[in-house]
Every structure is written in C-alpha cells, then in structure tokens.
Number of protein chains: 2
Amino acid sequence: MITLTEENYIKAIYHLGKYGVNNVSTNAIAKEMETKASSVTDMVKKLSEKGYVDYKKYQGVTLTEKGKEIAVNIVRKHRLWEVFLVEKLNFSWDEVHEVAEHLEHIKSKKLISQLDAFLEFPTHDPHGDPIPDKTGKIKKIDKILLSEAKIGDDCICVGVQDSSSDFLKYLDKNNIALGTELKVCHREPFDNSITIEIKAKELIISNMIANNLFVKVS
Amino acid sequence: MITLTEENYIKAIYHLGKYGVNNVSTNAIAKEMETKASSVTDMVKKLSEKGYVDYKKYQGVTLTEKGKEIAVNIVRKHRLWEVFLVEKLNFSWDEVHEVAEHLEHIKSKKLISQLDAFLEFPTHDPHGDPIPDKTGKIKKIDKILLSEAKIGDDCICVGVQDSSSDFLKYLDKNNIALGTELKVCHREPFDNSITIEIKAKELIISNMIANNLFVKVS
DNA sequence: AATAATTTTTAGATTAGTCTAAAAATTATT
DNA sequence: AATAATTTTTAGACTAATCTAAAAATTATT
C-alpha cells in the first residue's frame, strides 16, 4: 500500500520534473513539500525501494513508469474534483485547490469513473489544465504565454501558469476568465508591460501577469 | 488539530454510546476499531487530555459536548456523501459506506454546506438514517423494527439497522427498498419468522431479517 | 587545482499510533 | 468472602515520518 505522504512526494516530484528537468533535486523537493532535505532523503530512499523513483545518491530522482502512473492518477483526480467544485458546488476558481488537495487522495475507481461521467468527461480543469483520461493520456493544447504573443495577435485565454488565489482574484477583478478574448495592442519596452484590448476596453498588464496567463492565438 | 485516527475513535465511541450505553468500554472500542485494548487505552487518554471524552480508569468513556459535536459532524458528512454517491453517481446503497468513510474526513465547511444545498438538503441517507443539520440537530422519526410490528400492520420501510452489503443485497433481491409498502400477515411462533405481503406477493422472512429492517406503521 | 560554498546524506532523537506480554483492577462464580 | 475469569492498564518495543546537527559529496569561485 501507498501512504498519503508517499503520494504527496510522488506528486511533488512529478510537478517538478514535468518541465524538462530530468533529475529532481532533494532541495527542490524539500522546498515544494515544505520540509527538510534530510526528510526528503529518507523518503526518496523509501520511494526508490518501492519502485516509484530512480535514485542515485547525490544525483536526485526521476519517477519510474510506476511512479508516473501514480502521479498522473492523482492529477486526474485533483482536476476532476476541481471541475466538480466549480461546476456543481459553485466554488470560484481560486477556492478549489485546497479542497481538491484532500479529495485527490480518496481511493475508489468507481468514484472517479462515475464522477468523470457525471461531469460529462471534462477535458480541462477550471484553470485550463488538461485532465488526464483513465489511461493517463494527457492531451496538450498549443497554448503560449501572453508575454510571448506578438503585437496585433487576437487571443483567447486558455489557462493560467500560477494558480494562486491572488493571481486568480486579479483576473476576476479585471474580467479575465478562461475563454475571454483579447488583443495585444502594445508592449512597453522599458518594463515589458503590455496593453491589451479586452471587451472593447484597454487594460495595461505587467509582464508578471502576462507571464502567468496562457492564451491561444486565433 | 484533530487527527484522522482521533476522529475515527470519536466516531466509534459515538456509535457505541448512542443506544443508552453511558460508559463505552475499552474492549467495545477495540472491537469496533479492530485494534487492541492497549491501543485503545492509550488513545482514550489522549482524547481525554484533549477534552473529547470523560475517562476514568477502568470505567470506560463518554463523549463530552465537544466530542459529541465532532462525532455528529462526521456523521453528517458521512451521510451527505452517501446521498451524493447514490443520487448523483449511481452507486447502490450497499456500495457507499466504504467510500463515505474516507470522504467524511475532508475538512471544509464550504464543501459540506454547498454539497448539502446541491443535494437539496436531504434529511435521510440511503439507508434511512437521519442527517444531522449544520447545528447538529438530528430529527428522529418514529420507526420500529419490523420484528416488533403486529399482525395486520400496514408498514412502509424507512430504514435498516444493519447496513452490511449482504443484508442490503438480500433486500434488493427481494425488491425491498426504502419506501416499499408491506403488510405483516403471519408470525411463526417456532422461529419468529414472519410472512409479509409485498407488492401483492407473499414473502417469508426470518426473524433476523425482521430485526434489521425499520418500518413505520401507517 | 585548491579552497569556499552549497547540497545532500547520515546519525541520532522525537512523535503518533500501534503491538505483545505482564501486571493490576474489576466482575463473576463458587 | 475467596477464588477464578475477564477486562483494563502499564511497560517496553516497533514503524512511519519528521527533525537537528554534523559529516560527506558536489559544485562554484578564486
């Protein structure tokens, strides 16, 4: 059996390893898990013995296929629950993460397959992140960061990089939601802030905002 | 903070104490929790220190008001989730308990209040057990065991005493569900089995079955 | 290439929850 | 009321997950 803690470590390693980083470092995991490096070393040894990660001393870890399967399944559950919370229980997108962190650990195949059906097989969670299917397949959409869009591009918001409450509330306040259309009007060379046109109004957003909003150029 | 294990002990003590038993014994808890008496003693001391139970050595325990509040809240969550599983996710009534055992520990006031609303404030779970309201109030219905009904009584099934899978499947097989109407026709003195009329058909049920089915005499 | 800085691991302790085996208290039986 | 049977508690040990502090290895800097 896999423990709650083991699942959380595997999830952390998955998220840290997902952007091309091949060996996830002990310190990175410690930071993500808000724990000490020594605790990570202990756990990583255990995960290695159980076959969830490949680990060589001082070299960091990578998930094995078995580990990846666990991770993807947790991600699937997390995102399905997020959809449930928003669509059925009227949570806003900045409130769902914390609760989903707990719901994702409930172990029942039937629960998840029925939830999936009940939600009519959603493909993306409320933040625009893709929901892996039951076989673990994740279909990627060709999104780019708003900061990478060219002047004149017509875009649709399709996701967020950061899903902290502060950022999501900023978007709410400025009427930016998934599906919102916007046009890139101007980029200020000094600070890389950009002016966008959104619902016939102009809005200046900082580079930091543009760096955390995914769009699809139409 | 209260741990998962503490919550489960409190729940066990609540269920054991609910039928008039004032002091729940160490052994009874051990049996309910499928653990050893020595473990129970340790935990009971901890619960006592934290103010969830009153405990005197060798005398068993009773829940304090604080403990009862915790217990009732867990029961509320458990039963709401059971309704959700049956009504929304098409679980059958013999499948819900195990999953609800996990869901009941998720801590989020908003989750439960929204779930309650989403389910349109159900008053009873799929086994006919009452769902405490947000203040912990439980409204009792005047149900009796079918074994206590008199010959000639017209009854409606309103709940089950035992909610084991075997018993519930027996009921399904014999077309007995909550809301089903039946009439008590005959009681066999030898073994206390009773003959009931149900949907124009006669059915003989053992005393053990009749002892686990709650009905309301109409 | 040697030293400094950083990262990672080890060693030893701690806490929550559990266990076995033995001791103490309570309850039941003669 | 004494003894037997049962229940409950204590004592000491174990596992999972964590921590601090020190040692070892790696990486960066002169």
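Lettering follows sequence order; numbering is per chain, from 1. It should be emphasised that the depicted structure is a prediction, and the values quoted were computed from it without experimental measurement.
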task = Supply the atom-to-atom distance K134(A) NZ to F121(A) CZ, rounded to the nearest 0.5 angstrom.
result =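 The distance works out to 5.5 Å.
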Looking only at side-chain atoms of [X], point me to the closest of [options].
| X | options | value |
| --- | --- | --- |
| S25(A) | dA16(D), dC19(D), dT8(C) | dT8(C) |
| K57(B) | dA16(C), dT9(D), dT8(C) | dT9(D) |
| A37(B) | dT26(D), dT9(C), dT9(D) | dT9(D) |

ask   = Do the side chain of S38(B) and the base of dT20(C) come within less than 3.5 angstrom through a donor-acceptor pair of N or O atoms?
value =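 Counting by modelled atom types and ignoring angles, a donor-acceptor contact under 3.5 Å is found here.
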ask   = Y55(A) ring centre to K45(A) NZ or CZ under 6.0 Å, with the angle to the axis within 45°?
value =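 No, K45(A) and Y55(A) do not form such a contact.
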message = Distance to the ring centre below 6.0 angstrom and angle to the axis at most 45 degrees; does that hold for K88(B) and F118(A)?
response =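 Output no; distance or angle outside limits.
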task = Taking atom types as modelled, find out whether S92(B) and D94(B) have a side-chain donor-acceptor pair closer than 3.5 angstrom.
result = yes
inquiry  = Can a side-chain donor-acceptor contact be found between D54(B) and T64(B) if the only test is distance below 3.5 angstrom?
reply    = no
Residue met sooner reading DNA chain D from 5', once M43(A) and T26(B) are mapped to nucleotides =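 Per heavy-atom nearest nucleotide, the more 5' residue is T26(B).
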remark   = Sorted by position of nearest nucleotide on DNA chain D, 5' first, the leading residue of Y58(A) and T35(A) is T35(A)
Does [X] make a side-chain N or O approach to OP1 or OP2 of [N] shorter than 4.0 Å?
| X | N | result |
| --- | --- | --- |
| N27(B) | dT8(D) | yes |
| S39(B) | dT18(C) | no |
| Y9(B) | dA16(C) | no |
| K36(B) | dT20(C) | yes |

ask   = In the strands shown, is dT15(C) matched to any nucleotide by a Watson-Crick or G-U wobble pair with both distances under 3.5 Å, and which?
value =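 The base-pairing partner of dT15(C), which may sit in any strand shown, is dA16(D).
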Watson-Crick/G-U partner (both atom distances under 3.5 Å) of dA25(D) = dT6(C)
[N] [atom2] sits how many Å from [X] [atom1], rounded?
| X | N | atom1 | atom2 | result |
| --- | --- | --- | --- | --- |
| D42(B) | dG12(D) | CG | P | 14 Å |
| I29(B) | dT7(D) | CD1 | P | 14 Å |
| K56(A) | dA24(D) | NZ | P | 23 Å |
| E6(B) | dT18(C) | CD | P | 10 Å |
| E49(B) | dT15(C) | CD | C1' | 14 Å |
| M1(A) | dA16(D) | CE | C1' | 14 Å |
| M33(B) | dA16(C) | CE | P | 17 Å |
| K45(A) | dT18(D) | NZ | C1' | 14 Å |

request  = Pick base, sugar-phosphate or nothing for T5(B), based on heavy-atom distances below 4.0 Å to the nucleic acid.
outcome  = sugar-phosphate
ask   = In terms of the angle between their ring planes, are W81(A) and W81(B) parallel, tilted or perpendicular, with boundaries placed at 30° and 60°?
value = perpendicular
